[in-house]
Amino acid sequence: MLKFTEDHEWLKIEGDVATVGITAHAAEQLGDLVFVELPDAGSTFEKGGEASTVESVKAASDVYCPLDGEIVESNQAIVDDPSLVNSDPTGAGWFFKLKLSNPSDADALMDETAYQAMIG
């Protein structure tokens, strides 16, 4: 099940763990990424907390934690090669895996149809 936030994060939810990344739209708006900073496993965040930072040739931006939870894994591959986020934002360019404090909170996020309507 894919869900989306208004801050242009996507979540692929499997059980109580969500794989989180930024959307293709966000990656395109940022331009070529040159730096990604990710949270450490074991870190906990509340919804809306600044979980990651990305820097592109255009600007720096924060990536927010879409729901309450604990980081269980970060994607070292995008730290080593930030261009993976631009080339495969919803695949190899994922940011972190989040063990959700309350998986039912994801019900309030947008589905893909609603997200596509939001970005026009």
Side-chain angles (χ1 to χ4, degrees):
M1 166 176 39
L2 272 180
K3 291 289 192 173
F4 296 85
T5 71
E6 293 179 358
D7 294 318
H8 308 288
E9 288 99 15
W10 59 264
L11 297 82
K12 181 178 179 184
I13 300 170
E14 298 169 293
D16 63 351
V17 175
T19 302
V20 178
I22 63 172
T23 65
H25 174 78
E28 184 180 312
Q29 294 297 312
L30 286 166
D32 294 335
L33 294 186
V34 295
F35 175 79
V36 177
E37 182 178 30
L38 296 174
D40 294 325
S43 303
T44 58
F45 291 92
E46 294 182 2
K47 179 181 177 180
E50 296 171 5
S52 300
T53 301
V54 295
E55 291 182 24
S56 70
V57 294
K58 293 181 179 177
S61 184
D62 293 317
V63 176
Y64 302 102
C65 196
L67 296 171
D68 296 350
E70 177 182 346
I71 304 298
V72 292
E73 185 179 349
S74 292
N75 186 1
Q76 182 64 37
I78 64 169
V79 173
D80 297 339
D81 182 5
S83 70
L84 286 173
V85 177
N86 295 105
S87 64
D88 192 9
T90 55
W94 62 275
F95 278 58
F96 52 83
K97 295 186 179 188
L98 181 71
K99 183 174 182 180
L100 302 173
S101 297
N102 188 357
S104 65
D105 288 348
D107 295 343
L109 300 176
M110 290 181 278
D111 63 17
E112 187 162 8
T113 301
Y115 179 75
Q116 291 298 328
M118 183 189 86
I119 63 173

S.K.: Kindly indicate, with the supporting measurements, whether the criterion side chain to side chain contact (heavy atoms under 4.5 Å, CB included) is fulfilled by F45 and I71.
M.R.: CA-CA 8 Å; F45 291 92; I71 304 298; 3.7 Å; yes
S.K.: Under a 4.5 Å cut-off applied to non-hydrogen side-chain atoms, are K99 and K97 in contact?
M.R.: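 K99 vs K97: side chains apart.
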S.K.: Under 3.5 Å, is there a donor-acceptor pair between the side chain of D111 and the main chain of K3?
M.R.: no
S.K.: With a 3.5 Å distance limit and no angle check, can you tell me whether S56 reaches the backbone of L30 through a side-chain donor-acceptor pair?
M.R.: yes
S.K.: Could you see if V79 belongs to whatever hydrophobic cluster contains L84? Use Ile, Leu, Val, Met, Phe, Trp, Tyr and a side-chain cutoff under 4.5 Å.
M.R.: yes
S.K.: Could you note down all residue pairs passing side-chain hydrogen bond (donor to acceptor under 3.5 Å, both in side chains) where residues 13-42 supplies at least one of them, sequence neighbours left out?
M.R.: T23-Y115
S.K.: Would you check if the side chain of E73 reaches a backbone N or O of F96 as a donor-acceptor pair within less than 3.5 Å?
M.R.: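 Judged by distance alone, no pair lies under 3.5 Å.
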S.K.: Ignoring hydrogens and geometry, is there a side-chain-to-backbone donor-acceptor pair from N75 to W94 under 3.5 Å?
M.R.: yes
S.K.: Using atom types as modelled and distance alone, determine if a side-chain donor or acceptor of S43 lies under 3.5 Å from a backbone N or O of P39.
M.R.: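 Here the side-chain-to-backbone pair does not exist.
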S.K.: Look only at the side chain of W10 and the backbone of I22, and say whether a donor-acceptor pair between them is shorter than 3.5 Å.
M.R.: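 A pair under 3.5 Å: yes.
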S.K.: Do I13 and L98 share a hydrophobic cluster (ILVMFWY, side-chain heavy atoms under 4.5 Å, transitive)?
M.R.: yes
S.K.: Rounded to the nearest 0.5 Å, what's the gap from OG on S101 to CG on D68? Could you check?
M.R.: 5.0 Å
S.K.: Nearest 0.5 Å, please: how far is CZ in F95 from CD1 in I78?
M.R.: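 It comes to 4.5 Å.
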S.K.: Are there more than 12 heavy atoms of other residues, nucleotides or ligands under 6.0 Å from atom CD of E46?
M.R.: no
S.K.: Can you confirm whether V34 sits close enough to V57 that some side-chain heavy atom of one is under 4.5 Å from a side-chain heavy atom of the other?
M.R.: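 Sidechains of V57 and V34: in contact.
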S.K.: With no hydrogens and no angle check, is any side-chain donor or acceptor of N86 less than 3.5 Å from a backbone partner on G31?
M.R.: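 Yes; at least one donor-acceptor contact below 3.5 Å.
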S.K.: May I ask you to decide if T53's main-chain N or O and D62's side chain share a donor-acceptor pair within less than 3.5 Å?
M.R.: no
S.K.: Treat each ILVMFWY residue as a node, draw an edge where side-chain heavy atoms are under 4.5 Å apart, and state whether L109 and I119 are in one component.
M.R.: no
S.K.: Is the closest side-chain donor-acceptor distance between T5 and D7 under 3.5 Å?
M.R.: no
S.K.: Begin from the C-alpha positions of D105 and L100 and carry the test side chain to side chain contact (heavy atoms under 4.5 Å, CB included) through to its verdict.
M.R.: CA-CA 9 Å; D105 288 348; L100 302 173; over 6 Å; no
S.K.: Could you go through E6 and M118, starting from their C-alpha distance and side-chain angles, then the distance that decides it, and tell me whether this counts as side chain to side chain contact (heavy atoms under 4.5 Å, CB included)?
M.R.: CA-CA 8 Å; E6 293 179 358; M118 183 189 86; 3.9 Å; yes
S.K.: Just do the side chain to side chain contact (heavy atoms under 4.5 Å, CB included) check on E112 and F4 with the steps written out, would you?
M.R.: CA-CA 7 Å; E112 187 162 8; F4 296 85; 3.6 Å; yes
S.K.: Are side-chain heavy atoms of P66 and V20 found at a separation under 4.5 Å?
M.R.: yes
